[in-house]
Q: 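Sharing a structure, written as structure tokens. Questions coming.
For the numbers below, each heavy atom of this structure counts, side chains included, while hydrogens, waters and symmetry mates do not. Within every chain, numbering begins at 1; the chains are lettered A, B, ... in the order of the sequence lines, protein sequences first and strands thereafter.
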Protein chains: 2
Amino acid sequence: MSLKETDTEQIILNAAKEVFFKKGYDGARMQEIADEAGMNKALLHYYFRSKDKLFEAIFNDAFQRFVPKIVEKMISNISIEEKIEAFVDNYITVIMEVPQIPIFILTEINRNPERIVGMMKKVGMQPDLIIAGIQNDIDEGKIIDINPRHLLINILALCVFPFAGKPLMQIMLFNNNPGSYHDFLLERKKEVSQFIINSIKNK
Amino acid sequence: MSLKETDTEQIILNAAKEVFFKKGYDGARMQEIADEAGMNKALLHYYFRSKDKLFEAIFNDAFQRFVPKIVEKMISNISIEEKIEAFVDNYITVIMEVPQIPIFILTEINRNPERIVGMMKKVGMQPDLIIAGIQNDIDEGKIIDINPRHLLINILALCVFPFAGKPLMQIMLFNNNPGSYHDFLLERKKEVSQFIINSIKNK
DNA sequence: AAATAGTTTAACCAGATGGCAAAATTAATA
DNA sequence: TATTAATTTTGCCATCTGGTTAAACTATTT
């Protein structure tokens, strides 16, 4: 494999990511991806055979980033405060690097839910472990009695929603000022974990 | 206007809603909507001129349902507990009637953010009023000191996210069992308001 | 019943879209 | 350098898509 091959491949992937993120699968056009990549449309097919295959490559990568990567911390023996803080801070940080990912994943999973099943196995996500970890903290009296699934979804909701709803929130609450919204998202790292801890810690 | 006109129009709208909700604007096909409505494709154009116009009708209606309708309660003089409970319960109830709305709105707003500006005026949504109401409760010492925008987004996130992420959550946490997930969403009416109140009430 | 207006259908079109085959160009190998 | 392999471009096609037009059909009015 020559340098050029890897190079072209990467250029295509970057262009495809940009277009797929912005327009979604159905809205994306192979021609537009080719233009974005500065090359001929047929080259896309030469490297990736079809629109589907190219999309798959983008989706897989995005999905992996979307799945929280810090299960270990969630089931370790550190304090519940540290767990929450680590999870929220890490997750918001990761998403901020590619903030279009949440809405992209949510949209495409809605369009084709079957894909997830296979995807989950590949990524090796084990929500049961997190659930069990939470239950453990409850049993040990570290936090109040709460349905672990509700708590888990609450945490995810508070982290993810501001990104999924970004265009709406930015216009509604920040006069469409991107800078303000960016700062707001940074603030949330502390704000969200504080909000959660307040709610679940035993007094 | 004959009975038939209104009737056909409504049949088209229902069919269009179904298809647009499932596939989004780009994925939806006028032919598919016509099939769903059991009529000729040209009829859609006879009644709605274009795909855009038809979509607009669907989107406007969906957007109005997506915007919380209980601002009054949020700025009234009832206790903060009652406010939160009323808001959450009402909002989750409304969305459960048409649970596809959140992902649909989030997706389409991402595809075309400009639309919101005009839309907000039509619907008459005034987030500033809610913000001010929250600030008032803070000033009166009813709840802890918190950035009202964070609190507002937290509330929305906790209500909306489980619907936006439904396909993912249902598979990840409920073995793809729709009944279980439905019950789970019902539980959230109490769970979410409790979670919020726990977090913000002064001790 | 004749005329008019409203509704529905069938047939079609121009442009776009994903994809492909073969030629042209460049790189690698002998 | 000659030959083979890899990469890129050109040109094209079958299909689909939103949209239109004119004809057919139905209900209403006179």
Side-chain angles (χ1 to χ4, degrees), chain A residues 1-62 104 107-108 110-112 114-115, chain B residues 1-62 104 107-108 110-112 114-115:
Chain A
M1 121 182 58
S2 70
L3 262 178
K4 222 167 193 177
E5 181 189 301
T6 326
D7 208 41
T8 314
E9 215 169 299
Q10 200 53 52
I11 291 173
I12 294 176
L13 284 172
N14 288 341
K17 194 192 295 180
E18 185 123 337
V19 176
F20 277 133
F21 278 2
K22 189 150 45 182
K23 310 259 179 120
Y25 180 87
D26 291 316
R29 301 284 163 244
M30 293 298 271
Q31 185 57 55
E32 193 178 350
I33 296 174
D35 292 347
E36 179 76 32
M39 63 183 63
N40 196 287
K41 185 177 56 128
L43 250 199
L44 308 184
H45 287 93
Y46 176 74
Y47 279 96
F48 293 91
R49 287 190 55 86
S50 70
K51 185 183 180 181
D52 265 291
K53 291 268 201 302
L54 179 53
F55 177 80
E56 200 87 0
I58 302 298
F59 183 87
N60 288 3
D61 183 70
F104 173 73
T107 301
E108 296 303 333
N110 184 258
R111 200 178 56 85
N112 181 5
E114 296 76 22
R115 200 197 309 266
Chain B
M1 116 183 65
S2 71
L3 262 177
K4 222 167 194 176
E5 181 189 301
T6 326
D7 209 40
T8 314
E9 213 169 300
Q10 201 52 53
I11 292 173
I12 294 176
L13 284 172
N14 288 341
K17 194 192 295 180
E18 187 125 334
V19 177
F20 277 132
F21 278 1
K22 189 150 47 181
K23 311 259 177 118
Y25 180 87
D26 290 317
R29 300 285 164 248
M30 291 300 270
Q31 185 57 56
E32 193 178 349
I33 297 175
D35 292 347
E36 179 77 31
M39 62 183 63
N40 195 285
K41 185 175 57 124
L43 249 199
L44 308 185
H45 288 93
Y46 177 75
Y47 280 95
F48 292 92
R49 288 187 52 88
S50 72
K51 185 184 182 183
D52 265 290
K53 290 269 201 305
L54 180 53
F55 177 80
E56 201 87 0
I58 303 298
F59 183 87
N60 288 2
D61 184 70
F104 172 73
T107 302
E108 297 302 333
N110 183 259
R111 198 178 58 83
N112 180 6
E114 295 76 21
R115 199 197 309 268

Q: Report, one pair per line, the protein and nucleotides 11-15 of chain C atoms (nitrogen or oxygen only) whose separation is under 3.5 Å.
A:
none

Q: So does Y46(A) get a side-chain nitrogen or oxygen closer than 4.0 Å to the phosphate oxygens (OP1/OP2) of dT8(D)?
A: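 No, Y46(A) has no side-chain N/O under 4.0 Å of OP1/OP2 on dT8(D).
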Q: Pairs of donor and acceptor atoms involving the side chains of residues 26-33 of chain B, under 3.5 Å and at least two apart or interchain, shall be tabulated with distances.
A:
unit_1	atom_1	unit_2	atom_2	d
R29(B)	NH1	D26(B)	O	3.1
R29(B)	NH2	D26(B)	O	3.4
Q31(B)	NE2	D35(B)	OD1	2.9
E32(B)	OE1	K23(B)	NZ	3.3
E32(B)	OE2	K23(B)	NZ	3.1

Q: Can you find a side chain N or O atom of T8(B) that sits less than 4.0 Å from OP1 or OP2 on dT8(C)?
A: yes
Q: Calculate the interatomic distance between K51(A) atom NZ and dC20(C) atom P; express it in whole Å.
A: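 After rounding, the gap between these two atoms is 14 Å.
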Q: Is there a side-chain polar atom (N or O) of Y47(A) under 4.0 Å from OP1 or OP2 of dT8(D)?
A: yes
Q: Which residues pass the salt bridge (charged side-chain N to carboxylate O under 4.0 Å, His left out) test with E108(A), sequence neighbours left out?
A: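 R111(A).
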Q: How many whole angstroms separate atom CG of L44(B) from atom C1' of dT7(C)?
A: 14 Å
Q: I need the CZ-C1' distance between F48(B) and dT7(C), as an integer number of Å.
A: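 Atom-to-atom, F48(B) to dT7(C), this comes out as 15 Å.
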Q: Out of dT8(C), dT9(C), dG19(C), which nucleotide sits closest to the side chain of M39(B)?
A: dT9(C)
Q: Mind checking whether E56(A) and R115(A) have side chains closer than 4.5 Å, heavy atoms only?
A: yes
Q: At what distance, to the nearest 0.5 angstrom, does CD1 of I11(B) lie from OH of Y47(B)?
A: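 Output value for this atom pair is 9.0 Å.
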Q: Considering residues at least two apart in sequence or located in another chain, which fulfil the side chain to side chain contact (heavy atoms under 4.5 Å, CB included) criterion with N40(A)?
A: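 Once residues adjacent in sequence are excluded, the partners of N40(A) under the side chain to side chain contact (heavy atoms under 4.5 Å, CB included) criterion are A42(A).
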Q: Cut-off 3.5 Å, side chains only: do D52(A) and Y25(A) have a donor facing an acceptor?
A: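 Result is yes, a qualifying pair exists.
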Q: Could you give the distance from CZ (F20(B)) to OG1 (T107(B)), rounded to the nearest 0.5 Å?
A: 13.5 Å
Q: Taking OP1 and OP2 of dG19(C), is either one under 4.0 Å from a side-chain nitrogen or oxygen of H45(A)?
A: yes
Q: Quick one: are F48(B) and L13(B) in side-chain contact, heavy atoms under 4.5 Å?
A: yes
Q: Check side chain to side chain contact (heavy atoms under 4.5 Å, CB included) between A62(B) and all other residues, then give those that pass, not counting sequence neighbours.
A: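 Here the qualifying residues are F21(B), I101(B), F104(B), I105(B).
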Q: Write down the distance between CG (L43(A)) and C1' (dT25(C)), rounded to a whole number of angstrom.
A: 12 Å
Q: Rounded to the nearest angstrom, tell me the gap between atom CG in L54(A) and atom P in dG19(C).
A: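 Taking atom P of dG19(C) as the reference, CG of L54(A) is at 10 Å.
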Q: Go through residues 19-31 of chain B and report each residue with a non-hydrogen atom lying under 4.0 Å from DNA chain D, sorted by number.
A: A28(B), R29(B), M30(B)
Q: Output the rounded distance in Å from CD (E9(B)) to C1' (dT7(C)).
A: 13 Å
